[in-house]
Amino acid sequence: MQHRLSAEDRAFQQEMRDFFTNRIPDEARTWHKDGEVDPEALRIAQRAMHDAGLAVPHWPVEWGGKDWTELQRHIWRTEMQATGTPPPLAFNTNMIGPVIATFGSQEQKERFLPPTASLDIWWCQGFSEPDAGSDLASLRTTAVRDGDEYVVNGQKTWTTLGQFADWIFALVRTDPNAPKKQMGISMLLIKMDSPGVTLRPIKLIDGGHEVNEVFFDNVRVPADQLVGEENKGWDYAKFLLGNERVGVAPVGSIKRKLADAKAFAAQTKTAAGTLLDDPLLAARIAELETELMALEVTVMRVAGSSHDGKPDPASSILKLRGSQLQQDVLELITDIAGPASLQWQPIDGVGEWAAESVPTYLNFRKASIYGGSNEVQRSVISGGILGLKG
Amino acid sequence: MDFTLDDEQRALQSAVREMAGRLVRQATSGDVAVGPQPVDREVWSSLAEMGLLGLPFGEDAGGMGASAVEVVLASSELGAARLQAPYADALAAAAMVADAESAPDGLLEQIVEGSQLVFTALAEPGRAWDPEHPETTAVEQDGTWRVTGRKLGTTALSEVDAVVTTAFCCETACVFLVRQPAVKDGVIELDGAEAIRLGGPELLQAGLSLGIVALAGEALGCMGAALTMTTDYLKTRKQFGVPLATFQTLTQRAADMYVSVELARSTALFAAMAISENATDGATASRAKALLGRTGRHVGQEAIQLHGGIGMTAEYAVGHYTSRLTAIEHTFGDSRYHLGLLARGLADHEMVDVLV
């Protein structure tokens with residue numbers, strides 16, 4: 001066992017810290033403004049990372065990957081998040097990129113992977129449907145082959161940042177008579193400006209517009225935009241969701257937020273000093289720091305035990321705990337804001353953080369729902385690890 | 001950071017597992033021991049023979065020269081086997097003797113070989129845990145230290161040969177060794193007892209850090225075994241004509257237990273690595289103790305609940321783990337105490353960095 005970083009890993013950590021501190025333009029760091037994502041900030045940050053060869057380190061080397069160790073990836077991710085840099089768009093780099101690199105045709109790889117890595121193409125995910133959320137395999141959107149094209153009809157929902165997307169990767173039913181609902185599903189790459197695609201915003205409880213409904217009305221999709229083989233889409237989706245889950249232990253972001261919370265508490269005056277001196281609040285922060293330390297060392301233990309790039313089933317812990325802690329820290333910030341949280345507009349003499357605290361808290365209730373709800377993660381653990389199958 | 005066990009560490013694990021399993025079968029053949037137990041001499045000499053009492057100490061004192069990581073691996077096996085032995089306490093006491101400014105010649109060797117029973121006596125009756133602010137006092141007269149106060153141990157002290165205790169002197173809490181202390185009704189009565197000054201607060205912290213790491217390992221063993229018993233039970237026990245594992249409310253709760261156990265495992269091993277490098281890293285020890293406290297309660301309580309009535313019985317082991325986890329929570333400071341320490345140090349750092 002080894003507690004300290006090796007000299008090489010320490011040098012790597014310093015290199016990442018320098019890069020994310022000095023080479024990311026400042027306007028990219030305020031990528032969440034007034035409750036909305038600023039797409040330009042994401043493009044600026046991902047372009048800067050791409051230019052430095054740091055946007056897709058986990059991809060195959062021939063497509064821009066770095067062949068890093070899991071520890072190096074963790075350091076890269078944590079240093080990025082700790083500086084407030086927006087991460088590379090997950091739909092591009094964690095989801096469809098690895099799927100195309102693994103299952104796509106050579107022509108698809110050449111066509112899509114470079115602009116996917118640089119965010120010259122913005123992807124969104126077309127998996128969930130009104131009646132197929134966690135029960136994804138119940139999806140009903142159909143694709144019928146007609147010559148060199150598929151004709152797509154149906155509806156997707158919860159399509160995150162779809163309003164900025166150039167392309168959508170969608171799961172569609174190509175064989176409605178398949179014996180099991182997981183079979184007969186295919187994955188199609190569809191241009192968002194194709195005739196027959198319409199997007200309707202869904203407003204969320206934080207007042208923001210982040211997710212959308214996407215409707216397909218006789219949308220014609222060239223057959224060469226089918227990923228891999230027809231009716232094998234479920235396999236690709238499982239591969240993709242495994243990657244998604246591993247990506248969702250945002251330790252660096254939670255650390256950044258918790259450090260911010262301490263700074264906010266130290267700015268907030270009480271009769272006896274500041275809120276940071278309040279024993280109940282201080283104990284709560286100390287406990288969150290403790291829980292966060294436990295999560296981070298678990299991230300590293302799980303990362304160290306992954307084999308062949310396949311996600312460890314224990315990674316469900318990371319999704320479960322990561323989302324809980326993220327929510328706990330945001331809840332803490334609303335409590336620190338206290339009376340200043342009652343208005344969602346900035347108040348003179350109080351930082352903008354207070355006005356944003358409740359919308360952010362409400363927005364991140366999503367963290368325990370998306371990417372496989374926490375109940376689904378518990379089922380993965382109880383069934384897959386503990387062998388508790390009813 | 002690397003959590004991979006090497007061959008020697010795995011060999012240590014399986015050797016301790018084999019020994020603990022053998023000893024427990026003897027200890028539990030008859031009435032099952034649930035509550036606090038006196039030190040079992042046979043168990044103690046087995047620990048000594050295997051080298052566990054000297055695991056983290058130098059070979060010149062008869063120790064194994066291993067690290068706190070090996071301590072966690074060994075104590076985890078003792079916990080899983082339900083071997084009631086004040087192992088963590090003995091290591092904490094021995095660590096303070098080992099690093100003392102001056103200690104009796106040969107005492108560490110005698111502790112390591114199991115011929116001298118030396119434990120800590122750091123709590124005081126009627127006072128919350130706070131070893132750095134003892135009511136007990138010490139004065140020096142003619143070159144001899146004398147300690148006055150009342151102390152509690154973590155284990156039944158009827159056979160103890162010496163205790164490591166704290167007393168206020170030199171404007172701080174200092175660590176003393178008292179031989180053959182007078183024990184009355186479970187309390188150590190020190191009335192001007194002759195003592196040897198071992199060191200100051202840093203020595204205390206180093207000893208407690210090692211003790212906390214050993215406790216963390218034991219708690220981990222208890223939790224892991226309680227989880228295994230619970231999942232096995234859910235698979236086999238039938239209610240309403242189907243296995244309990246059919247009921248999602250139970251399997252979801254078992255999944256949460258697993259999460260607690262795995263967070264505890266990473267934390268215990270990480271703390272052991274950190275303490276091996278820096279014995280006075282009190283913040284990491286406090287975080288480990290607080291985390292193990294929370295996860296220990298969670299896993300212990302759920303283990304009983306998911307078993308139902310059988311979990312309440314003395315002849316079924318799942319409750320023994322919960323009993324031991326409860327004792328561990330109250331040894332060397334509970335979660336409240338350690339979170340309090342951490343809360344007072346919040347302004348010293350922006351973030352908790354584990355990658356150093």
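We name chains A, B, ... by the order of the sequence lines, and we start the count at 1 in each one.
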Given a strict heavy-atom distance threshold of 4.5 Å, which part of [X] is in contact with chain B: side chain, backbone, both, or neither?
X	answer
A:E296	side chain
A:R4	both
A:E375	both

Item checked: Within the 6.0 Å centroid threshold, strictly below: B:Y316 and B:H307 ->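 Ring centroids of B:Y316 and B:H307 are less than 6.0 Å from each other.
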Item checked: Aromatic ring proximity A:F12/A:W68, centre distance under 6.0 Å ->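 Centroid separation for A:F12 and A:W68: below 6.0 Å.
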Check: Just wondering, do B:Q239 and B:T246 contact through their side chains at under 4.5 Å, heavy atoms?
Finding: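 Not touching, per the 4.5 Å side-chain cut-off.
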Check: Taking the side chain as C-beta and beyond, is there a heavy-atom pair between B:Y337 and B:P131 under 4.5 Å?
Finding: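 Contact flag for B:Y337/B:P131 side chains = yes.
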Margin query: Run the side-chain hydrogen bond (donor to acceptor under 3.5 Å, both in side chains) test against B:E77 and tell me which residues pass, sequence neighbours left out.
Written below: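 Checked B:E77 against side-chain hydrogen bond (donor to acceptor under 3.5 Å, both in side chains); matches are B:R17.
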Best-contacting candidate, [options], against chain A by heavy atom pairs under 4.5 angstrom:
options	value
B:L250, B:L339, B:T295, B:L234	B:L339
B:V242, B:L5, B:V356, B:V352	B:V356
B:Q252, B:M1, B:M351	B:Q252
B:L342, B:L263, B:D232, B:T267	B:L263
B:D353, B:V69, B:D256, B:V259	B:D256
B:L291, B:L269, B:T284, B:L346	B:L346

Next item on the list: Determine, for B:F240 and B:K238, whether the Lys NZ or Arg CZ falls below 6.0 Å from the six-membered ring centre while staying within 45 degrees of the axis.
Entry: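 No, a cation-pi geometry is absent between B:K238 and B:F240.
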Notebook entry, point to check: Does the salt bridge (Lys or Arg N to Asp or Glu O under 4.0 Å) test come out yes or no for A:D135 and A:K181, once each step is laid out?
Noted result: CA-CA 10 Å; A:D135 181 16; A:K181 64 181 183 177; 2.9 Å; yes
Note to self: Within residues 273-283 of chain B, which residues come under 4.5 Å of chain A, heavy atom to heavy atom?
What the structure shows: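 Hits under 4.5 Å: B:M273, B:A274, B:E277.
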Note to self: For residues 210-231 of chain B, give me every residue with a non-hydrogen atom less than 4.5 Å from any non-hydrogen atom of chain A.
What the structure shows: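 B:L227, B:T231 fall under the 4.5 Å cut-off.
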Margin query: How long is the straight-line distance from NE2 of B:H298 back to CG of B:L325, given to the nearest 0.5 Å?
Written below: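 The distance works out to 12.5 Å.
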Notebook entry, point to check: Could you state the interatomic distance from CG (A:L330) to CZ (A:R365), rounded to the nearest 0.5 Å?
Noted result: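 Output value for this atom pair is 9.0 Å.
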Tell me, out of [options], who's got the most heavy-atom pairs with chain B below 4.5 Å.
options	value
A:E291, A:R378, A:R10	A:R378
A:A283, A:S382, A:A266	A:S382
A:E287, A:R284, A:Q13	A:E287

Next item on the list: Verify the distance criterion only: is there a donor paired with an acceptor across the side chains of A:D328 and A:Q324 at less than 3.5 Å?
Entry: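 Result is no, nothing qualifies.
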Notebook entry, point to check: Would you say the side chains of B:E262 and B:S266 form a donor-acceptor pair under 3.5 Å?
Noted result: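 Looking only at side-chain atoms, B:S266 and B:E262 do not form any donor-acceptor pair under 3.5 Å.
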Margin query: Only heavy atoms, only distances under 4.5 angstrom. Which residues in residues 255-263 of chain A are near chain B?
Written below: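 Hits under 4.5 Å: A:K255, A:R256, A:A259, A:K262.
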Checklist line | Contact class of B:R294 relative to chain A, heavy atoms under 4.5 angstrom | finding: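 When you check distances to chain A, only side chain atoms of B:R294 fall under 4.5 Å.
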Checklist line | Proximal component of B:H349, with respect to chain A [non-hydrogen, under 4.5 Å] | finding: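 Interface part for B:H349: both.
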Next item on the list: Evaluate the ring planes of A:W76 and A:H58, with Trp represented by its six-membered ring, and classify them as parallel (under 30°), tilted (30 to 60°) or perpendicular (over 60°).
Entry: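 The arrangement is tilted - the two ring planes meet at 30° to 60°.
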